[in-house]
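Since the structure comes first, as structure tokens, the remarks are kept for the end.
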Amino acid sequence: MFNKNKLSAAIVALVAGSSNYALAQENPIVEEVIVTGIRASAQASMDVKRDATGVVDAITSEDMGKFPDTNLAESLQRITGVSISRSNGEGSEVTVRGFGGEFNMITLNGRTMPTANVYGGGSGAGGTRGGSTRAFDFANIASENVSAVEVYKTGRASVATGGIGASINVNTARPLDNPGLQFSVGAKALNDTTNRTGDDVTPEVSGIVSWTDDNEMFGVGLSLSRQERHSGSTGVSENEWQIARWGEGNNLFSFAPGLQQRAGIPDLNAMRTGTNVEFADELKGIYNAPAPGQLYGRPNDIRYVFSDLERTRTNAQVVFQFAPNENLKTTLDYTFAQNELFERRGESTSWLANENSIDAVVFSNDEVATPIFIHETAGPRDQGFEQQLRQQENTLESVGFNLEWQASDTFSLAFDLHDSTMESLPVGPGKSGEIAASIGAPIQTSHWIDFSGDLPLYNMNFDDGIQATTTLRDPRTPDFAPRNYQVNGADIRFPVWAQTWNPALDGSGNPVVVNGVPQQTFGAGVTPTAVYRGNNNDQFDAGDIGSQVVRVFYAAQTTDVQQAKLDGSFEFDNGQFDFGVERRTLEMSAQASDRYMAFGDWGIANVGDIPSDLFEFYNLSDFDDYNASQSFQFGFKGNAEDIAQSLIDNPLYAGRGNVLAYNPNLSLNDNIKEEITALYVQAKMEGSLGGLDTTTLVGLRYETTDVTSVSDMLVPTYLQWQDNNDFQVMRASTITTILCESKLRQSAAKYRLRRQIF
């Protein structure tokens, strides 16, 4: 934007001819050319870098309300040495010179900001996060009211410690910096086609208004923004890989008896059979086996996952400024930022058993031999379809007061006081952060997993007419109930046919042994009741699904920062002397708990105990960029909270005291208080060296930190095995309190020499 004023008119006259030039000389006028937009932004950023002593980078708003990106983190990645991590495709935390978000100091208008970043109760599935973080999440802050972001990559005495990677300061707009009436209103539409539910087009509305009186004595600024986004994802993951050395006693693969080793890598196209297509016996074997002692791996499972996420971000800031004269200026501001997260997530899980069931595996030629194809025959067992609901709300509130006094031409003081709070709280049903309803269809008889391509593939065979009882059973099969599923020798895994099992005897009264395993049978005179593991209609549908467990995860974090500081500056010939003192108190609390409710349990005791109308068909193998047509094409999705409540209300599970709410008996309750006192002195001197202008900065900063940490926790006592590779952490019933107090004193001298070469 170019504003034509008297100076510009004079310049035009000078170019036009000498007569006009003479006229301009008769009426000398001193005015200005105002440059705004990208050029002014680049100029302001360059000025910050050039004038700074040390390594400093900056990004400046093009104009009021027009920061380069809608997300601050995404703007910061423009700076050399700064990279970002993303959450749901949006910039979240910054990494500077290899140091992650928790190692960088984030300030807002020079004030230390509290952090709290919890999600999903920290359950560990699909990007959940626990509490106790010090990493600031930039996704909580909209950019419309940001005037500049400064990144200090080298330390200085005047900057608070805590930023190993960098200290990042976010500056917001101030009305006295933009005299008169200024306003900017913006509306955007974000088109996100990744979601399968919700709206592809979501709104982003923002506005900022700034006003000062004619004397520039009083000013008011207000900014508001609200952004909504619906997004989604579909992906593939594995729940941990295990590594061992081949032939050294830790066999990760439970191979079928008599499986032969075969050389080379076979044609995998022939091995990827369709749904309910038998795997040929001639294809079974161990292909390209690792050498003795070579490292090799095995995944625990294969998971096709989907996520539908809604994010609503609301930001507001109001600023009052009063400058009764040119030497005194006061500022009072309030900042509010809220980020509401809502996610529905689900999985289709096909896990590998710990039995003698793997009958084909093909290893890669990598240094660590990786299975690129696995086939397993075992069952009937479950194909898992866990459904999850996650809700979290992050809220930042900050009140600050600042006074700047120019006592003389060479001496100035600045006093700043603020109180800021950040909360990350679960807001789901019953104060839950995540409700995970584990369900499954126990009808899988075999499956294969293929890791040879860019996208892992899998398929399976099923039979929903298999009876859960036989007159003779093998303890290695899924029908065998481990000890924690037995009461006085009777199975409780499938309660509708719980019977006492006796050793199987032949006609001579000798025990029946198969492959070294004693067999068992029903007690004398008992007729087993046939119970199908599915609904016996030869189709894979919602009627084959039964409940397992429901877990409710809770995690919260609250951080409060109170800070007061006084800074002074004295200018002298060819230099400047700075000093300051600061007092800061930080209090952080983090809590966590989980509620475990067993219904059909991992063995799925009661197929059909969930109303089928709570599910809808959902094909998790439908990818935009990958061909997964050879994978299993059937899946289901449902609302986790509705499924959980239906099980609580089901008469099969009455009297257990289950509720759809968080567990108030916290397994973790951490409280940390830090009291920091700091003072610094810093001298800046300008001169010349070898014919070049130089700036020398020398400083000393001294800090003491008193830390008090109190942790109330239910101490883990043991792991309870529930089924196959499923364990539950069992905790003590009484709280153990752990107290830790410490004092840290540190001082640092800073010396910087900068040569002016431009």
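- Side-chain contact of Tyr334 with Glu397: a donor-acceptor pair under 3.5 Å is present, judged by distance alone.
- Side chains of Val96 and Tyr152 form no contact here, defined as non-hydrogen atoms less than 4.5 Å apart.
- The minimum heavy-atom distance between Ser667 and Ser593, with the atom names listed, is OG-CA, 3.6 Å.
- In this model, no donor atom of one side chain and acceptor atom of the other lie less than 3.5 Å apart for Ser147 and Asn171.
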### Residues Thr107, Asn169; criterion side-chain hydrogen bond (donor to acceptor under 3.5 Å, both in side chains); working and verdict
CA-CA 5 Å; Thr107 58; Asn169 183 45; 2.8 Å; yes

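- For Arg174 (side chain) and Val319 (main-chain N/O), no donor-acceptor pair under 3.5 Å exists by modelled atom type.
- Under a 3.5 Å cut-off, the side chain of Gln406 and the backbone N or O of Ser408 do form a donor-acceptor pair.
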### Query
Checking side-chain hydrogen bond (donor to acceptor under 3.5 Å, both in side chains) for the pair Arg345/Ser307: CA distance, chi angles, key distance, verdict?
CA-CA 4 Å; Arg345 185 179 183 275; Ser307 171; 5.7 Å; no

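- Checked by atom type, the side-chain pair Asn109/Thr172 shows a donor-acceptor distance below 3.5 Å.
- With hydrogens and angles disregarded, a donor-acceptor distance shorter than 3.5 Å links the side chain of Thr559 to the backbone of Thr115.
- Asn300 places a side-chain N or O within donor-acceptor distance of the main-chain N or O of Asn239, the cut-off being under 3.5 Å.
- Of the possible polar contacts, none joining the Glu393 side chain to the Val427 backbone as a donor-acceptor pair under 3.5 Å is found.
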### Step-by-step side chain to side chain contact (heavy atoms under 4.5 Å, CB included) determination, Gln227 to Arg311
CA-CA 8 Å; Gln227 302 175 349; Arg311 186 264 293 156; 3.5 Å; yes

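- Within the 3.5 Å criterion, the main-chain N or O of Ser123 finds no donor-acceptor partner in the side chain of Glu434.
- Considering every non-hydrogen atom in both Gln392 and Val118, the closest pair reads CG-O, 3.2 Å.
- Residues Thr335 and Gln317 bring a donor and an acceptor atom of their side chains to less than 3.5 Å of each other.
- Of all heavy-atom pairs between Met685 and Val698, the closest is CE-CG2, 4.5 Å.
- A donor-acceptor contact shorter than 3.5 Å links the side chain of Thr330 to the backbone of Phe322.
- To the nearest 0.5 Å, atoms CD (Gln645) and CG (Asn639) are separated by 13.0 Å.
- Ring pair Trp211/Phe218 is perpendicular by interplanar angle, where above 60° counts as perpendicular and below 30° as parallel.
- Under the 3.5 Å distance criterion, the side-chain polar atoms of Ser432 are left unmatched by any main-chain donor or acceptor of Val552.
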#### Entry: Candidate pair Glu386 and Arg303, rule salt bridge (charged side-chain N to carboxylate O under 4.0 Å, His left out), full reasoning
CA-CA 10 Å; Glu386 182 170 279; Arg303 299 177 179 223; 5.8 Å; no

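- Between the side chains of Thr314 and Arg226, at least one donor-acceptor pair of N or O atoms lies under 3.5 Å.
- With hydrogens and angles left out, the side-chain atoms of Gln576 and Asp578 include a donor and acceptor closer than 3.5 Å.
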### Task
Take Arg584 and Val561 through the test side chain to side chain contact (heavy atoms under 4.5 Å, CB included) and record every step on the way to the result.
CA-CA 7 Å; Arg584 183 170 76 247; Val561 174; 4.1 Å; yes

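- For the residue pair Ser420 / Ser398, a side-chain donor-acceptor distance below 3.5 Å is found, with atom types taken as modelled.
- Counting only heavy atoms from C-beta outward, the side chains of Leu586 and Ile676 never approach each other to under 4.5 Å.
- For the pair Asn104 (side chain) and Ala166 (backbone), a donor-acceptor distance under 3.5 Å is present.
- Here the side chains of Leu403 and Leu328 are in contact, with some heavy-atom distance below 4.5 Å.
- A distance of 5.5 Å separates CG in Leu668 from OG in Ser711, rounded to the nearest 0.5 Å.
- Counting heavy atoms from C-beta outward, Val681 and Phe577 have side chains that approach closer than 4.5 Å.
- Separation of atoms CG (Asn671) and CG (Asp712) is listed at 7.0 Å; rounding is to 0.5 Å.
- The minimum heavy-atom distance between Val659 and Met597, with the atom names listed, is O-SD, 3.5 Å.
- A distance of 9.0 Å separates CD in Glu703 from OG1 in Thr677, rounded to the nearest 0.5 Å.
- At least one side-chain heavy atom of Arg344 sits under 4.5 Å from a side-chain heavy atom of Leu389.
- Within the model, atoms CE of Met588 and NZ of Lys673 stand 14.0 Å from one another, a figure rounded to the nearest 0.5 Å.
- The closest side-chain heavy-atom distance from Pro429 to Gln391 is below 4.5 Å.
- Shown here for Asn663 and Arg595, the closest heavy-atom pair between the two residues is CA-NH2, 3.7 Å.
- Under the 4.5 Å side-chain criterion, counting only non-hydrogen atoms from C-beta, Phe579 is not in contact with Leu566.
- Considering only heavy atoms from C-beta on, Thr312 stays 4.5 Å or farther from Glu310 through its side chain.
- Put simply, OH on Tyr554 and CG on Asp594 are 13.0 Å apart, with the number rounded to the nearest 0.5 Å.
- Using modelled atom types, one finds a donor on one side chain and an acceptor on the other under 3.5 Å when comparing Arg390 with Gln388.
- When all heavy atoms of His418 and Thr112 are compared, the closest pair comes out as CE1-O, 3.3 Å.
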